[in-house]
Structure formats: C-alpha cells, structure tokens
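Every chain is numbered from 1, with letters handed out A, B, ... down the list of sequences.
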There are 2 protein chains.
Amino acid sequence: MAGRPRIFDQGELLSKTIALFWKNGYEATTTNDLLKEVNLNKGSLYNVFKSKKELFKAGLNQMEQTGLDRLEESLEKSTQPIEDLKALFYDMVDASFDEDCKGCILGNSIVEFTGKDDELKELAVLYLKRFESILIKTLQSAQEKGIIKSTLPPSLLSRHLINFWNGINVTRRVYADKKEMKDLIDLNLSFI
Amino acid sequence: MAGRPRIFDQGELLSKTIALFWKNGYEATTTNDLLKEVNLNKGSLYNVFKSKKELFKAGLNQMEQTGLDRLEESLEKSTQPIEDLKALFYDMVDASFDEDCKGCILGNSIVEFTGKDDELKELAVLYLKRFESILIKTLQSAQEKGIIKSTLPPSLLSRHLINFWNGINVTRRVYADKKEMKDLIDLNLSFI
DNA sequence: AGTCTAATTGACCCCAAGGTCAAATATTAA
DNA sequence: TTAATATTTGACCTTGGGGTCAATTAGACT
C-alpha cells in the first residue's frame with residue numbers, strides 16, 4: 001500500500017518550477033536548474049512527471065487555474081470591479097522595476113511556442129482566453145450597472161485590454177520610465 | 001592577394017538566415033538548419049562569422065537597417081504619411097493568415113533574450129526605439145501640418161503605437177478573425 | 001522483526017548542439 | 001608554371017541537454 005513517503009510537496013514544487021520557467025523561458029530552463037531549485041534528484045522528478053513538458057504543463061495549469069480563479073472571484077465580489085481591473089495594469093508600473101522583468105508567462109509562451117510546440121502554445125492560449133472571458137464578464141456587468149460610460153461592445157473592449165496587456169508585457173522591458181508608463185496606461189484605459 | 005573566390009553572396013546569406021531566425025527564434029534555430037538553408041558547410045560559415053551570435057547580429061542589422069531606412073524615407077516623402085502609417089497596422093490583418101505567423105522579430109527577440117543575453121536584447125531594443133523615433137517624427141510633422149486632430153504629445157502617441165504594435169504581434173497569434181482584428185486596430189488608431 | 005511497497009539516489013546513456021581544424025581547392029600575381 | 005592567398009570541405013571535438021535505471025532507503029502493515 002504505502003511505500004516510502006514523498007519528500008516534497010507537489011504544489012510547492014510546481015510553484016517553484018513554473019517560477020523558473022517564467023523567469024528563463026521553457027527551453028532555456030534545464031532540468032538541472034529545476035532540480036537545484038527544488039532540491040531533488042533526476043529520478044525523483046521523473047518518477048512523478050514523465051517529461052520536462054509534462055512538468056511545465058502541470059506548473060502552468062496550477063499557476064493559471066488558481067490565479068484566474070482568484071481573479072474571477074475577486075472581480076465578482078468587488079464593489080468597484082472596474083477600479084480593480086484597472087489596477088491590474090497600474091500595478092505593472094512598479095512591477096516593471098523588479099529585478100527580473102519577465103513579462104507575462106502566457107504571452108511569453110505564445111511567443112516561444114508558436115511554430116514549435118502547438119500543444120504548449122494552445123495551453124497558453126487557453127488561459128489567455130479565459131483571462132479575456134473574465135474581462136468580458138466584468139465589463140458586461142459593469143455596463144448593465146451603468147458604472148462604465150463606454151457603449152462599445154464588451155467583446156471589443158476586452159480584446160483591447162488583452163492586446164494592451166500583451167503589448168505592455170513586452171514594452172515594459174524596453175522602457176523603464178514610470179511616468180511614461182502611467183501615461184500610456186491612462187491613455188489605453190480611457191476607453192473604459 | 002585574392003584567393004579562392006567566395007561561393008555565396010553575403011547579403012543574400014544574411015537575408016536567408018535572419019528569415020530562419022525570425023521564423024523559429026534564435027535558440028531553436030540550429031547551425032545545421034542555417035547551413036542547409038544557405039547551402040554551405042560549417043567551416044565556410046564560421047570562416048566569415050565567428051559565432052552563431054555574430055551571424056544573428058549581422059542579419060538583424062541588415063534587415064532592420066534597410067527596413068527602417070526605407071520606412072523613414074517613404075514616410076518623409078509621402079503625401080499622406082498618416083494613412084501610410086496606419087497601413088502598417090492594417091496590413092497585419094491579412095498577414096496574420098500567412099502560413100507562419102511569426103510576429104515581429106524585435107518583439108520576439110526582446111522576449112527571448114530578456115534575462116539571457118543583454119547584448120542581443122539591447123540590439124532589438126535599439127531598433128525598436130528607432131522605429132519609435134520615426135513614428136514620433138511623422139506624428140510631429142503631421143501635427144504641424146494640421147493633418148492630424150489629436151493634440152496629445154507625439155511622444156505619447158508613438159509610445160502607444162509601439163506598444164500596440166508589440167501587443168498585436170502577440171495577439172494575432174491567438175485570434176485569427178479578420179473582422180475582430182480590424183475593429184481592434186480601428187479602436188487603437190482612433191487616437192490619431 | 002520481517003515483508004511489501006513506493007520514493008529516492010546518482011551514475012549512466014544517447015544525442016544533438018555549437019564550434020574547430022587540417023587538408024583540398026580555386027583563383028590572382030609573378 | 002609556380003607561389004601566394006583565401007575559401008571550402010566535412011570529419012571531428014567537446015559540452016550539456018533530456019531522460020533511464022538498478023540499487024537503496026524509508027515508512028506501513030502483519
């Protein structure tokens with residue numbers, strides 16, 4: 001029944017590994033990097049995840065599922081959903097000065113995997129679309145409640161926000177000026 | 001003085017290699033891929049370019065220098081610079097259905113090299129900034145001529161365009177619908 | 001205690017990657 | 001013709017990657 005007990009917590013392992021993948025990209029992260037990070041040996045890791053790819057998938061799933069669940073719930077419960085939504089962007093103004101400026105793992109993955117690994121690309125696409133659908137719902141509800149002025153269709157507004165998100169996660173790696181970044185966000189959020 | 005003549009044209013070689021880098025990314029493009037593409041052997045290539053990295057740099061330099069020179073000149077000479085500028089974006093609506101949807105090599109490089117190769121990242125940044133400065137000049141001149149309505153500073157408008165560009169080069173890999181893409185472009189270009 | 005089970009360890013395998021180099025080759029200058 | 005020079009060729013080297021596996025170990029159950 002029960003053999004030797006596991007030495008690691010799977011959720012924690014996935015958090016750490018996906019953080020590394022996020023920072024360095026998929027290909028550039030070696031199994032040895034991962035092993036050092038989680039203090040494990042090859043065999044142990046491969047005993048649970050049959051390949052580097054499966055490990056990445058599991059890590060991304062955990063990260064995005066919990067992250068998007070949390071986001072969705074908090075926007076639903078919020079008394080000021082539009083303010084919260086805008087904060088997602090404004091928070092990046094400070095985040096851009098973090099020691100590692102790694103962008104969004106979904107955008108990064110879409111760039112890295114396009115033309116190389118359809119399955120992993122589509123996984124990132126899946127979560128980006130879920131992100132978008134959360135935005136749509138939030139905007140729709142906001143329009144119904146009249147707390148938003150724009151009469152543009154929520155689908156277009158959210159598409160724009162997703163696109164702006166994708167852009168800024170690249171652009172922030174190029175320009176560090178906080179004021180300029182804030183102005184850019186102001187401009188793009190002026191639609192809502 | 002003159003020994004055995006070269007069998008290849010350097011400019012052509014660089015075009016072909018950078019096209020491959022563009023399509024597959026830097027790391028994922030192997031020297032063998034490159035050699036097959038240009039019909040050469042290892043030694044020949046390494047006789048001219050001392051490393052894969054130098055080859056990439058030379059290729060990117062050629063591509064961007066000529067591309068941006070052409071863009072700058074055509075915008076300067078144009079009788080309808082703003083229309084031309086907008087066309088840069090609208091042209092992507094059809095480009096997004098090409099067999100390989102590879103985005104912008106500058107954005108791709110910034111994503112791939114951040115945290116991995118500062119020199120290559122900064123090279124991509126350099127050209128992206130030159131792109132931006134061309135946009136600034138175009139917008140500035142358009143404001144002076146009064147062929148543009150927005151009173152927003154050209155620096156902000158061009159930053160927005162660059163950011164939009166970065167975004168759409170990711171987003172287009174996710175959504176293929178032409179109508180939606182056109183609406184998105186309309187929205188973002190409404191500022192100018 | 002002894003047995004069963006499942007996780008752990010780390011040496012090992014295989015391969016593909018970037019890069020090197022001595023020998024062969026094609027041209028120009030004398 | 002011959003010497004000098006520069007390019008080409010492709011076998012070869014080294015390194016580091018993902019992945020495997022037999023032996024070991026730590027608990028649970030009887």
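- Distance CZ (Arg4(B)) to C1' (dA24(C)): 8 Å, rounded to an integer number of Å.
- Straight-line distance from the CZ atom of Phe56(B) to the C1' atom of dG18(C): 16 Å, rounded to whole Å.
- Distance CZ (Arg6(B)) to P (dT8(D)): 7 Å, rounded to an integer number of Å.
- Between the P atom of dG19(D) and the CG atom of Asp33(A) lies a distance of 14 Å, rounded to the nearest Å.
- For Glu37(B) and Thr17(B), the side-chain atoms include no donor-acceptor pair closer than 3.5 Å.
- Here Phe8(A) lies in heavy-atom contact (under 4.0 Å) with sugar-phosphate atoms only.
- The listed nucleotides are dG18(D), dT8(D), dT8(C); the one nearest the side chain of Ile7(A) is dT8(C).
- Side chain of Pro5(A), nearest nucleotide from dG27(D), dT9(D), dG18(D): dG27(D).
- Ion pairing of Lys57(A) with Glu54(A) is present here, as a side-chain N (NZ or NE/NH1/NH2) and a carboxylate O approach within less than 4.0 Å.
- Leu45(A) places its CG atom 14 Å from the C1' atom of dG10(C), with the value rounded to the nearest Å.
- The aromatic rings of Phe21(A) and Tyr26(A) lie parallel to each other, with less than 30° between the two planes, well short of the 60° mark.
- Of the listed nucleotides (dT9(D), dG18(C), dG17(D)), dG18(C) has the atom at the smallest distance from the side chain of Lys52(B).
- Rounding to whole angstrom units, CD of residue Glu27(B) and P of dT15(D) are separated by 18 Å.
- Environment of NZ in Lys53(B): crowded, with over 12 heavy atoms of neighbouring residues, nucleotides or ligands closer than 6.0 Å.
- Note on Asn41(A): a side-chain N or O is less than 4.0 Å away from OP1 or OP2 of dG10(C).
- Residue contacts for Ser44(A): at a heavy-atom cut-off of 4.0 Å it reaches a base atom on one of the strands shown.
- The separation between Leu35(B) atom CG and dG10(D) atom C1' is 11 Å, rounded to whole Å.
- Remark: Thr31(B) is in phosphate contact with dG18(C), judged by side-chain N or O atoms under 4.0 Å from OP1 or OP2.
- Rounding to whole angstrom units, CG of residue Asn39(B) and C1' of dT7(D) are separated by 16 Å.
- In this structure, of dG19(C), dG17(D), dT9(D), it is dG17(D) that holds the atom nearest to the side chain of Asn32(A).
- Among the nucleotides dA17(C), dG18(D), dA7(C), the one closest to any side-chain atom of Tyr46(A) is dG18(D).
- Residue side chain Lys42(B) reaches the base of dG19(C) through a donor-acceptor N/O pair under 3.5 Å, judged by distance alone.
- Under the 3.5 Å distance criterion, the side-chain polar atoms of Gln143(A) are left unmatched by any main-chain donor or acceptor of Ile148(A).
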